[in-house]
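Report on one structure; see the data block that follows.
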Amino acid sequence: FDDPANGNQKPWDYEPLKRTKELYERHGFKLAVLESRPPYNLVKRGLPGRDQEIDDIFYRLGVIKAKQNERKKALNMFEKALEIDPAHHATLNPVISIQETQGDWEAVIHAKRGKLARSDTDGKVKLLDEIGEIYHKKLNNAQKSIGAFLEALEVRQDDHQLLQKVLDLYTETEQCK
């Protein structure tokens with residue numbers, strides 16, 4: 001296996017295998033499947049960047065389990081992905097969806113808070129507003145709801161709707177007279 005086109009790649013890496021497959025096909029052989037999964041070269045070789053590939057593997061397994069309606073297994077795979085990248089939006093979105101379906105509102109809040117780190121200003125305000133609404137309407141916790149709305153107001157001080165929500169909650173809890 002001394003093909004100079006391979007450079008420093010190993011024979012089992014994706015590109016050399018792909019070239020071998022193409023060579024066989026040029027000579028009349030038909031190969032239907034080269035590799036039945038994405039070529040996770042960094043994982044196989046223990047190179048830097050392998051954590052992102054492992055994260056992707058767990059995310060994909062979680063998506064498969066969710067499609068098979070195996071929520072517990074899906075959440076397990078998503079949690080493993082989130083151990084590697086706690087703010088991975090692609091993973092947090094299905095986690096939120098599953099937790100909402102199950103009515104686990106504390107877990108929904110936790111996952112939404114995980115998305116804050118990579119959200120822009122509008123995204124942060126929207127997430128914190130949603131968190132405040134969950135605390136107020138689903139968990140009946142006005143104090144934590146106020147806290148979430150105040151946190152959103154720190155991001156965008158001139159949001160009149162958020163100010164009104166805080167005022168309404170202060171009035172409801174008799175903190176404002």
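Given the structure is predicted, the values throughout are model-derived calculations rather than measurements.
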Report yes or no: does D55 contribute a side-chain atom to a donor-acceptor pair with the main-chain N or O of D51 at less than 3.5 Å? no

Please check if atom CD in E22 has more than 12 non-hydrogen atoms from other residues, nucleotides or ligands closer than 6.0 Å. yes

Once rounded to the nearest 0.5 Å, what's the spacing between atom NZ of K144 and atom CD of E106? 5.5 Å

Do H110 and V95 touch side chain to side chain, with heavy atoms closer than 4.5 Å? no

Any idea which heavy atoms bring F58 and K80 closest together, and the distance? CE2-CD, 3.5 Å

Gap separating the CD1 atom of I84 from the CD atom of E53, nearest 0.5 angstrom: 11.0 Å

Verify the cluster assignment for L61 and L82: are they in a single hydrophobic cluster under the rule of side-chain heavy atoms below 4.5 Å apart? no

Compare all side-chain heavy atoms of L153 with those of L150 and state whether any distance is below 4.5 angstrom. yes

Can you tell if the side chain of L75 reaches within under 4.5 Å of the side chain of Q102, non-hydrogen atoms only? yes

Evaluate the side-chain proximity of S145 to K137: yes if any heavy-atom separation is below 4.5 Å, no if none is. no

Between R118 and D85, which heavy-atom pair has the shortest distance, and what is it? NH2-OD1, 2.9 Å

Nearest heavy atoms of T91 and Y59, plus distance in Å: OG1-CD1, 3.5 Å

Decide yes or no on side chain to side chain contact (heavy atoms under 4.5 Å, CB included) for T101 and R71, but give the supporting numbers first. CA-CA 10 Å; T101 302; R71 291 185 185 127; 3.6 Å; yes

When clusters are formed by joining ILVMFWY residues with side-chain heavy atoms under 4.5 Å apart, either directly or through shared neighbours, do L116 and F78 land in the same one? no

All heavy atoms of Q157 vs all of L163, minimum pair found to be O-CD1, 4.1 Å

Cluster overlap I98 with V63, hydrophobic side-chain contacts below 4.5 Å: yes

Grab the two heavy atoms, one from G123 and one from S119, that are nearest each other, plus how far apart they are. C-CB, 4.0 Å

Are side-chain heavy atoms of Q99 and W105 found at a separation under 4.5 Å? no

Are any of the side-chain heavy atoms of I96 and K115 separated by less than 4.5 Å? yes

Verify side chain to side chain contact (heavy atoms under 4.5 Å, CB included) between D129 and F149, making sure each step is shown before the conclusion. CA-CA 6 Å; D129 183 45; F149 292 140; 3.2 Å; yes

K126: which residues meet the salt bridge (charged side-chain N to carboxylate O under 4.0 Å, His left out) condition with it, sequence neighbours left out? E130

If you measure from CD on Q143 to OG1 on T173, what distance do you get to the nearest 0.5 Å? 5.5 Å

Minimum heavy-atom distance between A111 and L92, given as atom pair plus value: O-CD2, 3.7 Å

Of R19, K18, E25, which is the lone residue that meets side chain to side chain contact (heavy atoms under 4.5 Å, CB included) with K21? E25

Working to the nearest 0.5 Å, report the span between NZ of K73 and CD1 of I64. 12.5 Å

Between D168 and Q164, is any side-chain donor less than 3.5 angstrom from a side-chain acceptor? yes

Using the ring of each side chain (for Trp, its six-membered ring), is F29 parallel, tilted or perpendicular to Y24, with breaks at 30° and 60°? perpendicular

Using a 4.5 Å cut-off on heavy atoms from C-beta on, say whether the side chain of K112 contacts that of I134. yes

What verdict does the side chain to side chain contact (heavy atoms under 4.5 Å, CB included) test give for L162 and R156, after you've listed the backbone C-alpha separation in whole Å, the side-chain angles of each residue and the deciding distance to 0.1 Å? CA-CA 9 Å; L162 286 171; R156 186 182 298 138; 5.6 Å; no

I'd like to check L169 versus H136 (side-chain heavy atoms, cut-off strictly below 4.5 Å). Are they in contact? yes

